[in-house]
Amino acid sequence: MEHKHQEHAALADTFNANEPRVNWHDETLWWVRQKRDRMAWSLPEWEELREAASRIKHNVLGNLHDYLLEFEKNAVANGAVVHWAADAAEHNKIVLQLLQEQGVKRMVKSKSMLTEECHLNPYLAEHGIEVVDTDLGERIVQLAKEPPSHIVLPCIHKKKEEIGELFHEHLGTPAGNADPKFLTAAARQHLRKEFIQSRVAITGVNFAVAETGEMVVCTNEGNADMGAHLADVHIACMGLEKIIPQRKHLGVFLRLLARSATGQPITTYSSHFRKPKAGQQLHIVLVDNGRSRQLGREDFRNSLKCIRCGACMNTCPVYRRSGGHSYHNAIAGPIGSILAPNLDMKEYADLPFASTLCGSCSNVCPVKIDIHQQLYKWRQVITKEGYTGKTKAAGMHAMNIVLSKPGLYKTAGGVGRWVMRTFPAVVNNGMNPWYKQREMPAPPKDSFADWYKKNRK
Amino acid sequence: MKVGLFIPCYIDQFYPQVGIATLSLLEKLGCEVVYPQGQTCCGQPMANSGFEHLTSGCNTLFVDHFQDFDYIVGPSGSCVLHIKDHLHVHGREDKATHIRQRIYELSEFLTDVLKVEHLQARFPHRVGIHQSCHGQRGLGISQMSELVAAPFSKPQQLLKMVEGLELVELKRTDECCGFGGTFCVFEEAVSVKMGKDRIADHVNNGAEYITGNDVSCLMHLEGILKRQQSNVKVLHIAEILNASIN
């Protein structure tokens with residue numbers, strides 16, 4: 001039977017069954033948004049920085065081919081091995097092969113949304129290799145057997161009490177202890193063991209500098225560094241769009257990234273990886289997985305400017321009230337909703353509609369991606385491709401007929417209002433989603449057009 | 001100055017008093033206002049649902065009715081934004097362009113074109129402004145909380161001219177109310193939750209009335225307020241700016 005997932009609206013409906021929890025989720029993320037605002041306002045040149053970042057990325061996307069080759073040349077000269085993966089399957093295969101060459105059965109991985117996108121962990125599990133995620137939030141959702149619900153704050157949907165329970169079950173902490181400090185210390189002990197034993201470490205990449213062939217990985221926990229420095233083999237997985245032209249451009253992005261993501265001036269660790277140390281191997285996997293296709297779609301090209309800060313999620317009033325898992329995609333929220341249909345238009349046809357198009361996402365975006373405008377454009381594409389529900393399509397066609405003919409519109413309006421006044425049960429019933437938690441507007445006897453005719457002409 | 005009055009479909013059908021207040025206000029301020037009979041809808045409900053290709057009927061009607069005015073004014077930021085961004089008619093692009101460049105949401109028309117500095121209006125109540133997203137972020141009628149930029153608000157500028165009116169401060173100045181066109185029915189749960197939260201911010205800060213530039217958002221908030229049996233009422237900004245002594 002064909003797999004059919006639940007769509008955003010249904011998943012969000014379930015999430016909303018527990019209103020106090022929705023309030024908590026909303027407040028937690030709003031708190032991050034406010035921290036971001038304070039940090040943005042602390043820089044008078046904030047808007048100029050955004051503009052600069054957007055233009056640098058514009059240049060990158062216009063010259064991606066050249067920058068990628070420049071990066072590869074310099075990375076190879078530095079002693080790294082560069083692999084090219086056309087899609088998720090190829091990426092996973094390359095990583096598996098490297099792991100098999102080392103004969104490892106267990107390894108550490110720091111945060112990488114790309115490997116989430118490629119579903120690397122389950123793939124490796126199928127081949128008998130266990131991945132230990134070392135970002136604390138990621139480790140928590142991994143123990144809970146859940147995907148991350150946010151790209152920067154992967155377990156933002158979990159309360160500390162729930163984390164205490166998970167740690168009790170998996171790490172042997174005392175039952176009922178939900179003290180964040182205590183739990184963090186327990187996680188640190190547990191992860192230390194993994195770091196020391198692991199011979200291979202996978203990291204993501206935040207920025208890859210074409211000019212030098214180096215990569216920058218930003219973390220607050222230093223876990224990428226611990227993994228990469230202790231292991232014999234460092235595998236860095238990156239999407240093609242992570243390239244920036246020169247080292248000097250890093251200043252623009254590092255200032256924007258942490259402020260937008262968590263409201264910090266800079267991440268605790270912004271680590272540069274350039275050459276493998278003596279005896280170590282450094283592998284870089286450059287992954288396309290639909291990116292060049294998106295680059296070819298002019299309307300959606302800007303989505304590749306994304307630096308994965310998550311600011312659009314924190315500000316999104318829909319995300320805050322529907323939770324990351326309702327997006328049923330590795331990358332949730334507004335940015336995920338414009339990236340996902342590129343990966344699979346049918347599977348993610350619902351996501352561009354999971355927005356009020358309020359535009360807050362575009363305003364917080366540090367690289368000025370026109371997110372809400374792309375959501376609008378995806379709706380048109382998805383509809384034309386036939387991925388919109390039949391009922392909706394029929395309704396829209398009927399609406400078009402009525403609204404295109406003034407006489408019909410006037411008659412339909414008059415009849416409609418008369419029915420609503422005379423037989424309110426026709427609209428005030430369980431079939432009407434508006435009526436479930438809202439009253440209908442009171443239908444007046446005269447429309448404005450009727451009034452105007454009587455009073456002005 | 002010949003002003004074409006654009007009254008969006010749901011205002012025409014459900015909130016004629018908003019159309020009347022808009023017309024009366026513009027006339028009081030000396031405009032020659034004409035409401036072209038036969039106008040229907042800007043087409044936004046279809047376009048935002050992914051059916052922009054079905055809006056040519058609406059677009060043609062819009063150009064038919066509004067091509068000859070110096071200005072086109074409507075009491076809805078959302079519908080005005082839709083026209084500004086998406087009105088195109090094959091073979092009549094010059095007329096469509098004229099309209100896109102000459103269409104204004106009511107409050108921006110009052111502040112930017114008429115440059116209103118005084119109003120004879122009195123409304124002695126505590127009022128919260130709901131900054132509707134399309135007007136605010138789309139048309140730029142007020143500063144947006146996400147941007148590092150100087151504060152301004154055209155609706156607030158106007159409401160400050162109303163005698164006795166006290167504006168309430170909100171915790172979240174410009175959060176979306178969750179209406180979002182067909183989003184309000186297809187994403188009912190999130191839509192209502194957003195509306196409830198928006199209302200709570202106004203109520204917690206002592207608002208007796210919630211006003212705004214978009215009846216669509218207000219209709220959604222009103223629906224929830226009525227279900228909650230709240231005493232808080234919604235009024236379109238035109239109704240307050242046009243309010244006589246009471």
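These numbers come from a predicted model, not from an experiment. Throughout, a chain's letter reflects where its sequence line sits, starting with A, and its residues are numbered from 1. Heavy-atom basis, side chains included; hydrogens, waters and symmetry copies ignored.
The part of B/L61 that comes within reach of chain A is its side chain, from C-beta onward, which places non-hydrogen atoms under 4.5 angstrom from that chain. Proximity to chain A is limited to the backbone of B/V33, based on heavy atoms less than 4.5 angstrom apart. For a residue to count as touching a neighbouring chain, one of its non-hydrogen atoms must lie under 4.5 Å from one of that chain's; by this rule A/D37 touches chain B with the side chain only. For chain A, the nearby parts of B/C9 are the backbone and the side chain; heavy atoms of each come within less than 4.5 Å. Heavy-atom distances place both the backbone and the side chain of A/F353 under 4.5 Å from chain B. Neither the backbone nor the side chain of B/L225 comes within contact range of chain A, judged by heavy atoms closer than 4.5 Å. Neither the backbone nor the side chain of A/A311 has a heavy atom closer than 4.5 Å to any heavy atom of chain B. Interface remark: A/T388 contributes side-chain atoms only to the contact with chain B (heavy atom separation under 4.5 Å). For A/N16, the part lying under 4.5 angstrom from a heavy atom of chain B is the side chain only. Proximity to chain A (any heavy atom under 4.5 Å) is shown, for B/I20, by both the backbone and the side chain. Proximity to chain B (any heavy atom under 4.5 Å) is shown, for A/I382, by neither the backbone nor the side chain. Interface remark: B/T60 contributes no atoms to any contact with chain A (heavy atom separation under 4.5 Å). When heavy atoms are compared at a cutoff of 4.5 Å, A/S355 approaches chain B solely by way of its backbone atoms N, CA, C and O. Residue B/E27 touches chain A through its side chain alone, counting heavy-atom pairs closer than 4.5 Å. Only the side chain of A/W451 comes within less than 4.5 Å of a heavy atom in chain B; its backbone stays farther off. Neither the backbone nor the side chain of A/H372 comes within contact range of chain B; no heavy atoms are under 4.5 Å apart. Only the side chain of B/L5 comes within less than 4.5 Å of a heavy atom in chain A; its backbone stays farther off. Contact of A/R321 with chain B is made through backbone and side chain together, with heavy-atom distances under 4.5 Å. For A/Y435, the parts lying under 4.5 angstrom from a heavy atom of chain B are both the backbone and the side chain. For B/R137, the part lying near chain A is the side chain, with the backbone staying farther off; criterion is any non-hydrogen pair under 4.5 Å.
Judged by distance alone, the side chain of B/H86 and the main-chain N or O of B/A47 form no donor-acceptor pair under 3.5 Å.
At most 12 heavy atoms of other shown residues, nucleotides or ligands fall within 6.0 angstrom of atom CG in B/N231.
Ranked by non-hydrogen atom pairs under 4.5 Å with chain B, the options A/R50, A/M440, A/R320 are led by A/R320. When the candidates A/G395, A/A354, A/P317, A/G414 are compared by the number of heavy-atom contacts under 4.5 Å with chain B, A/P317 comes out ahead. Heavy-atom pairs under 4.5 Å with chain A peak, among B/M219, B/E175, B/K226, at B/E175. Annotation: maximal heavy-atom pairing with chain B below 4.5 Å, among A/V22, A/D26, A/V364, occurs at A/D26. Each of A/P406, A/A10, A/P352 has some count of heavy-atom pairs under 4.5 Å with chain B, and the biggest count is that of A/P406. Counting heavy-atom pairs closer than 4.5 Å to chain A, the top residue among B/H134, B/Q39, B/M144, B/H220 is B/H220.
For the pair A/L256/A/W46, a side-chain contact is recorded, criterion being any heavy-atom separation below 4.5 Å from C-beta on. Put simply, the side chain of B/S191 does not reach to within 4.5 Å of the side chain of B/F186, judged on heavy atoms.
The existence of a salt bridge linking A/D450 and A/K454 is excluded, since no basic side-chain nitrogen approaches an acidic carboxylate oxygen closer than 4.0 Å.
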Quick one, B/S132 with B/N213, criterion side chain to side chain donor-acceptor pair (under 3.5 Å). Give me CA distance, side-chain angles, the key distance, then yes/no.
CA-CA 7 Å; B/S132 290; B/N213 303 50; over 6 Å; no
